[in-house]
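Working notes, beginning with the structure itself.
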Amino acid sequence: MSEKTTAEKPATAQATKATLQYDGKSYDLPVHVGTEGERAIDISKLRTSSGLITLDNGYGNTGACQSSITFIDGERGILRYRGYPIEELAERSTFLEVAYLLIQGELPSKTQLESFTQETTIHTMLHEDFSRFFGSLPKDAHPMPSCAAAVGALATFYQANESDEEVRRSVIRLLAKLPTIAARSYKHSLGQPQIYPSNNLDYCSNFLRMMFAVPCEPYHVDPLVARALDVLMILHADHEQNCSTSTVRMVGSSRANLYASISAGISALWGSLHGGANQEVIEMLEQIAASEGSAEKFLTRAKDKNDTTRLMGFGHRVYKSYDPRAAILKKLCPGILARMGGSSQLLDIAMKLEEIALRDEYFVSRGLYPNVDFYSGVIYKAIGIPVNMFTVMFALGRLPGWIAHWLEMRKDPQFRIGRPRQIYQGATKRTYVAMDQRS
Ligand code: SDX
């Protein structure tokens, strides 16, 4: 599969500066032009030259940085990691190879990939003291805060200094240990003993075995399930300046170490408007199935401004056309369901919701299409991942992207601590009132 061929954007004359007129004065502002023709007005000197700042609720119009990792064209539904279309990577690559690509910037040679895989494999074990850590957590703890806390705790086991070698070792430890932490969080929630990682299995097979094997029982990993998981993680591996990646960059900009920054990213991803949406989508589909409610009725509520219901898995800040990841996942669903013998009821409901929504002016006029979360849960459920682990799966996939952005930010010659400004709208100056004078 390759990305949709649509007419390339016409090359327009790229002006190199913009002029702001305000209060009888003019301010020339430089314009940066990206390799894909995107343009940004550089306001780095705006306040010192004019006393003005800009305001951008939710940063929908604000570039936080210049990056070479991932390119998204939301209008044309294009997603590329280091220039490679997501469709080709999903079809021909593996998650560890994509992780190497995102972090190093180039596809690895055979030897480089073997060495990267070997290093990641032999660091999957957690320090045995983690047993006391997990033992202290309530049984019904959601695995996302458990993972965020465990990743933060890695900084207590490895007092990471900032040398290049120590940072490189932290990168390997995180890629190697997050699947172990995730599976451990799940086993803890079941009250089952942990399954130690095996050095004889590939990345996804090792994770599946740690999740579903039980002690003293043989466990066979279905290669098709392992491959489906590998593709799901490729699709989640990066997405430029999304909420959780921006969180990792912000925390890392204070010179907090990589473990602390990734732990913050996991917490940001948990939100239902971000990575938590995949769990909400399945719960939404199950709610429609259980109530024998029609897709039409549900969509009526999702469009009602007085109803907080949203069509979860639909809409995106950047994609105003089909999220290419959703298209790939939609194609994957029937084969996985057929192999696993799972009911297609939730998939049928999801496809019915999509069919109706994409004919509905409310959704079409707002550019609301399925995003990566709309179909991912159907596959996770079919391969046996419990619903409260869905967002953990998203975090496992997104880890290399978070790491790549943290490294890029720290190596940026213009690196500085993130510190946005504000427009104050509170009380103007007033004098303190003694208690007995207050009304
Ligand atoms: C991810 O940023 C990334 O790249 C994220 C991500 C990644 O890989 O990291 O792609 C992963 O987070 C995907 C998004 C998962 N979240 C959901 O599926 C939750 C449901 N979607 C929405 O909450 C919403 O679409 C967002 C949060 C995704 C985007 O919100 P925006 O850009 O702030 O848009 P908005 O809330 O201002 O909505 C614009 C309009 C509003 O209506 P009006 O005020 O114009 O009348 O569209 C409506 C919204 O009410 N709208 C929806 C809707 N999403 C937006 N109405 C019903 N159902 C929805 N899902």
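A quick note: this is a predicted structure, and the numbers were derived from the prediction, not measured. First listed ligand is number 1; within each ligand, the first listed atom is number 1. Quick note: numbers below take in every heavy atom, side chains included, and nothing from hydrogens, waters or symmetry partners.
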Show me the donor-acceptor pairs within less than 3.5 Å that the side chains of residues 356-371 make with the rest of the protein, sequence neighbours left out.
unit_1, atom_1, unit_2, atom_2, d
Arg359, NH1, Glu355, OE2, 3.0
Asp360, OD1, Tyr362, N, 2.7
Asp360, OD2, Lys303, NZ, 2.4
Glu361, OE2, Ser365, OG, 3.2
Ser365, OG, Glu361, O, 2.7
Ser365, OG, Tyr362, O, 3.2
Arg366, NH1, Tyr362, O, 3.1
Asn371, OD1, Asp373, N, 2.8
Asn371, ND2, Gly313, O, 3.1
Asn371, ND2, Gly315, O, 2.8

Taking atom CG of Asp307 as the centre, report whether more than 12 heavy atoms of other residues, nucleotides or ligands fall under 6.0 Å from it.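 For Asp307, atom CG is crowded (more than 12 foreign heavy atoms under 6.0 Å).
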Set of side chain to side chain contact (heavy atoms under 4.5 Å, CB included) partners for Lys17, sequence neighbours left out: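 Listed in chain order: Thr19, Asp28.
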With sequence neighbours left out, write down each residue that passes side chain to side chain contact (heavy atoms under 4.5 Å, CB included) with Thr35, or none if nothing qualifies.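 In terms of side chain to side chain contact (heavy atoms under 4.5 Å, CB included), with neighbours along the sequence ignored, Thr35 is linked to no residue.
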Check this for me: does any side-chain nitrogen of one of Glu119 and Arg168 sit under 4.0 Å from a carboxylate oxygen of the other?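 Counted as a salt bridge, because a side-chain N and a carboxylate O are separated by less than 4.0 Å.
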Non-hydrogen atoms closer than 4.0 Å to ligand 1: which protein residues do they belong to? List them by chain and number, please.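 Within 4.0 Å of ligand 1, the protein residues are His239, Asn242, Leu273, His274, Ala277, Ala302, Lys305, Arg310, Leu311, Met312, Gly313, Phe314, Gly315, His316, Arg317, Arg325, Tyr362, Arg366, Leu368, Asn371, Asp373, Phe394, Arg398.
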Please work out whether the ring planes of Phe133 and Phe130 are parallel, tilted or perpendicular, with thresholds of 30° and 60°.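 The arrangement is perpendicular - the two ring planes meet at more than 60°.
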